[in-house]
Amino acid sequence: MGVIVLAFGTGVVNTFDRSERPGRTRYPYTRRSGNGGMFRPFRESVEAALGSALEARELSTDDLGIEEPPEDVDAVLASSIAFRLAGELGAAPPEVAARLADEIDAAGYEYVDRVEPTGPYLNFFPDEAYFEGTLEAGQDSAYGALPPKDTSIVVEHTSANPTGPVHVGRARNPIVGDAVANLLEYAGYDVDRHYYVNDAGRQMAVFTWAYERFEESELPEPARDRAEYRMVRYYRRGNDFLENADPEALEAAEAEIETILQGLEAGDEETYERVTEVVDTVLAGMKACLGRLPATFDEFIKETRFMRDGSTDDVVVRLKELHGAVYENDAWQLEFEDIEKNLVFLRADGTSLYTTRDLAHHEWKLENYDRAVTVLGEDHKLQARQLRSTLSLLGHDTDRLDSVIYSYVNLPEGKMSTRRGTGVQLDDLLDEAIDRARGEVEDRLGDRLRSDDLDENAVERIARQVGVGAVRYDIVSKQPTKAITFEWDRALDFEAQSAPYVQYVHARCCGIEGEADGIEPTLDASVLETDAERELLATIARFPGVVEGAADEHEPHRIATYTREIADRFNGFYRECPVVGADDERTRSARLALVIAARHTVANALDILGVEAPESM
RNA sequence: GGGCGUGUGGCCUAGCGGAUCAAGGCGAGAGGUUCCUAACCUCUAGAGCGCGGGUUCGAAUCCCGUCACGCCCGCCA
């Protein structure tokens with residue numbers, strides 16, 4: 001099937017069948033794709049209309065000053081170009097705006113009804129076809145998804161070392177990473193999600209040594225009955241030993257750890273299997289935890305892979321030939337022009353370093369994908385810069401690489417650490433969130449107006465959707481570069497700007513549709529005349545544009561901001577406009593179609609954020 | 001010490017060169033349910049965007065300086 005895609009593709013790098021790779025769980029054979037909505041063609045029309053007007057007067061079209069007007073202006077797009085032209089044309093901005101408006105033949109462009117000057121601004125208004133088209137496009141359950149592009153992207157995220165339970169400090173990575181991947185998928189890219197497993201470093205050697213060295217009987221009870229909780233006890237015990245052992249014992253232990261590291265480097269099969277047992281066991285547990293979010297992966301790429309297949313050695317050979325390569329202090333290093341710190345890529349003992357292997361890893365990514373996005377913590381920024389520069393020196397096109405940087409989540413009392421066992425585990429956060437959500441659901445059962453009966457399963461389902469959704473939404477809705485201090489009550493606030501607020505809108509849509517027996521939705525936007533209806537429809541229309549912009553910048557929090565806007569608009573509509581109880585049939589039918597479009601929009605926006613959309617709550 | 005990032009009402013967050021109210025939420029105060037789920041809605045008080053300069057017709061948004069906080073500056077990952 002992937003072969004068919006390739007037949008249409010131009011310059012597609014991949015030569016394997018993309019649909020048959022292991023681990024695909026989301027849309028196994030088809031990507032969600034929609035027609036892309038009306039907003040984007042409207043914007044193109046505006047650009048073309050304004051551009052040609054400027055061209056006709058031989059004015060620069062570099063920056064058209066297109067922007068979205070403030071809320072109280074009901075144009076869809078505006079331009080502030082008159083400010084910039086004022087000097088050149090020797091007229092005041094409002095005068096320039098008026099003249100330009102006269103020259104633009106708005107009606108000649110698709111979806112544009114007219115352009116009006118308002119002071120110094122040019123406001124572009126959509127025609128009826130824009131609204132009709134939006135109402136129709138919104139009936140598609142994939143609304144908001146853009147047409148497929150022939151571009152593959154690998155999104156690497158989380159990649160936490162398999163040392164123990166996932167704690168909240170790193171929880172931003174899977175949550176933001178999964179959302180970025182979803183977002184790119186909606187934007188039409190062919191996305192793979194990868195978890196890079198650091199199974200070759202000292203941490204894993206220590207872990208393997210500790211696992212073999214200590215007896216379970218001397219360890220505390222695990223905090224939770226799952227693999228990574230059981231295993232991390234050995235890791236902590238081992239680190240504790242290394243910190244406190246007497247010199248001889250320490251030396252013996254270090255020798256064993258060193259043997260494991262050397263064994264991995266030499267490609268020794270037996271050593272590899274010992275380490276792999278530990279890595280795979282811990283990883284299975286972490287996978288289960290991440291699955292609760294859910295964050296899933298197409299592939300877990302192991303670091304040792306690039307040692308075993310010779311690609312790390314191959315990179316080293318090429319690195320040594322680079323102009324900036326120097327042999328200093330018994331180690332091979334690379335000097336950069338723009339980065340102060342050298343990159344050591346080969347130790348005195350001839351072994352490779354993490355970054356050396358990551359270079360091989362990224363060359364592999366660049367061979368197999370058109371683009372690569374990596375989600376990483378701010379502490380890896382320098383390393384990411386060095387990686388990028390080095391790849392560039394090796395002759396790669398690093399424009400194909402992007403990274404999304406986030407700050408760690410800290411506790412009021414400081415950092416979280418797996419090794420020291422400090423911090424809040426993601427499992428505990430999710431459990432607490434679900435418990436609190438269940439409490440909310442049960443509290444509300446009493447004064448529930450709706451006469452549907454929520455059985456135990458429904459309560460549990462809602463508690464999970466709301467609880468997990470609230471955690472994800474709280475994290476994904478903020479700019480990742482901002483630091484977060486974790487506080488239970490703030491993370492688990494179910495009111496207002498939170499997942500439940502948006503989820504509730506979805507449930508309301510479903511409620512209306514459930515009541516709308518016998519009403520057939522009709523695509524008649526002309527019946528939707530009130531401000532509340534027009535504003536809701538206009539907000540729905542923007543969705544594909546929001547997806548495109550957020551995807552371009554890898555900023556899923558913009559989708560979260562959008563969900564609040566559409567939720568506000570929907571609630572305004574809900575208050576003002578009865579659907580099932582509307583007076584005449586045409587109104588009922590048209591409003592029902594609007595509700596369906598709103599539901600699809602909200603559901604898909606939440607889907608991008610990785611938040612479930614409950615049908616009732 | 002150097003580099004990078006962050007700093008918006010009591011608290012949290014959006015905006016990151018343009019529209020004489022800087023947008024929401026929490027919290028505070030006042031209201032709203034014979035009508036599709038009140039995890040909702042309406043109204044009131046509250047900031048001039050860390051601080052000081054500068055660029056610009058116009059700055060929360062750009063530049064410089066400064067302060068605070070975070071991260072980084074390992075032959076660790």
Side-chain angles (χ1 to χ4, degrees), chain A residues 65 67 69-73 78 80 82-84 86-87 92-93 118-121 123 159 161 163 198 200-204 303 328-333 339-342 344-349 351-355 357-358 377-383 385 405 407-408 410 415 437 440-441 443-444 447-452 462 466 470 474 477-479 481-485 487 489-490 493-505 507-516 557-558 560-561 564-565 567-568 571-572 574-582 591-592 595 616-617:
Chain A
E67 59 191 62
E71 265 185 58
D72 52 322
V73 176
S80 60
F83 283 109
R84 250 155 292 150
T118 304
Y121 297 93
N123 285 323
S159 303
N161 293 355
T163 53
N198 304 150
R202 179 181 158 84
Q203 284 186 340
M204 294 325 299
E303 195 177 348
E328 259 175 32
N329 302 323
D330 296 325
W332 277 95
Q333 315 192 6
I339 304 174
E340 280 186 34
K341 187 183 166 256
N342 285 1
V344 176
F345 61 87
L346 200 62
R347 276 188 274 247
D349 62 5
T351 58
S352 63
L353 288 91
Y354 171 82
T355 312
R357 293 168 226 133
D358 206 20
E378 60 180 342
D379 53 337
H380 286 76
K381 266 171 92 167
L382 177 62
Q383 186 242 26
R385 273 220 301 155
I405 311 283
S407 299
Y408 284 107
N410 288 319
K415 282 199 223 178
E440 291 285 330
V441 178
D443 283 352
R444 291 163 207 273
D447 46 31
R448 199 176 160 82
L449 287 175
R450 195 171 173 76
S451 58
D452 60 349
I462 296 165
V466 168
D474 181 58
S477 62
K478 297 176 168 88
Q479 295 191 107
T481 47
K482 294 210 176 195
I484 297 180
T485 300
E487 284 162 49
D489 288 338
R490 201 186 292 161
D493 180 5
F494 295 148
E495 296 198 340
Q497 300 192 338
S498 67
Y501 175 72
V502 180
Q503 290 174 314
Y504 190 62
V505 165
R508 275 182 156 174
C509 289
C510 293
I512 293 171
E513 288 179 46
E515 297 290 323
H557 79 271
R558 292 200 203 177
T561 303
R564 286 198 287 269
E565 288 170 20
D568 288 345
N571 283 326
Y574 184 86
R575 186 180 67 247
E576 309 274 337
C577 306
V579 178
V580 178
R591 284 181 178 171
L592 182 60
V595 169
S616 67
M617 60 188 278

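Chain letters run A, B, ... following the sequence lines, proteins first, then strands; residues in each count from 1.
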Which pairs, protein N/O on one side and nucleotides 2-6 of chain B N/O on the other, fall under 3.5 Å?
{"unit_1": "B:C4", "atom_1": "O2'", "unit_2": "A:K381", "atom_2": "NZ", "d": "2.4"}

Please work out if A:H557 contacts a base, only the sugar-phosphate, or nothing of the nucleic acid, heavy-atom cut-off 4.0 Å.
sugar-phosphate
Going 5' to 3' through nucleotides 44-50 of chain B, assign each nucleotide B (protein heavy atom under 4.0 Å from a base atom), S (under 4.0 Å only from sugar-phosphate atoms) or - (no protein heavy atom that close).
-------
Write out a two-atom table: protein N or O, nucleotide N or O from nucleotides 17-21 of chain B, distance below 3.5 Å.
{"unit_1": "B:G18", "atom_1": "O2'", "unit_2": "A:Y121", "atom_2": "OH", "d": "2.3"}
{"unit_1": "B:G18", "atom_1": "N7", "unit_2": "A:S80", "atom_2": "OG", "d": "3.3"}
{"unit_1": "B:G18", "atom_1": "O6", "unit_2": "A:R84", "atom_2": "NE", "d": "3.4"}
{"unit_1": "B:A19", "atom_1": "O4'", "unit_2": "A:Y121", "atom_2": "OH", "d": "2.8"}
{"unit_1": "B:A19", "atom_1": "N6", "unit_2": "A:N123", "atom_2": "OD1", "d": "2.8"}
{"unit_1": "B:A19", "atom_1": "N1", "unit_2": "A:N123", "atom_2": "OD1", "d": "3.2"}
{"unit_1": "B:A19", "atom_1": "N1", "unit_2": "A:N123", "atom_2": "ND2", "d": "3.2"}

May I ask you to check whether over 12 heavy atoms, not counting those of A:E340, lie within 6.0 Å of atom CD?
no
Looking only at the side chain of A:K341 (C-beta and beyond, no hydrogens), which of the listed nucleotides B:C73, B:C41, B:A77 gets closest?
B:C73
Pair A:N571, A:R508: side-chain N/O donor-acceptor within cut-off below 3.5 Å
yes
Can you sort out the partners of A:Y574 under ring-ring contact (aromatic ring centres under 6.0 Å, His included), two or more places apart, ordered by chain and number?
none
Taking ring-ring contact (aromatic ring centres under 6.0 Å, His included) as the definition, give me every residue that meets it alongside A:F83, ordered by chain and number, with sequence neighbours left out.
A:Y121
Roughly how far apart, to the nearest Å, are B:U61 and B:G15 at atom C1'?
8 Å
Counting only side-chain N and O atoms of A:Y354, is one of them less than 4.0 Å from OP1 or OP2 of B:A77?
no
A:D349 and A:T351: side chain donor to acceptor below 3.5 Å
yes
At under 4.0 Å between heavy atoms, what does A:I462 touch on the DNA or RNA strands: base, sugar-phosphate, or nothing?
base
Nearest listed nucleotide, side chain of A:N198, among B:A39, B:A77, B:C36:
B:A77
List every contact pair, protein side and nucleotides 25-31 of chain B side both N or O, where the distance is under 3.5 Å.
{"unit_1": "B:G25", "atom_1": "O4'", "unit_2": "A:Q497", "atom_2": "NE2", "d": "3.3"}

Let's see if you can work this out: which of B:C71, B:C36, B:A39 has an atom nearest to the side-chain heavy atoms of A:V441?
B:A39
What nucleotide, of B:A39, B:A23, B:C36, holds the atom closest to the side chain of A:E71?
B:A23
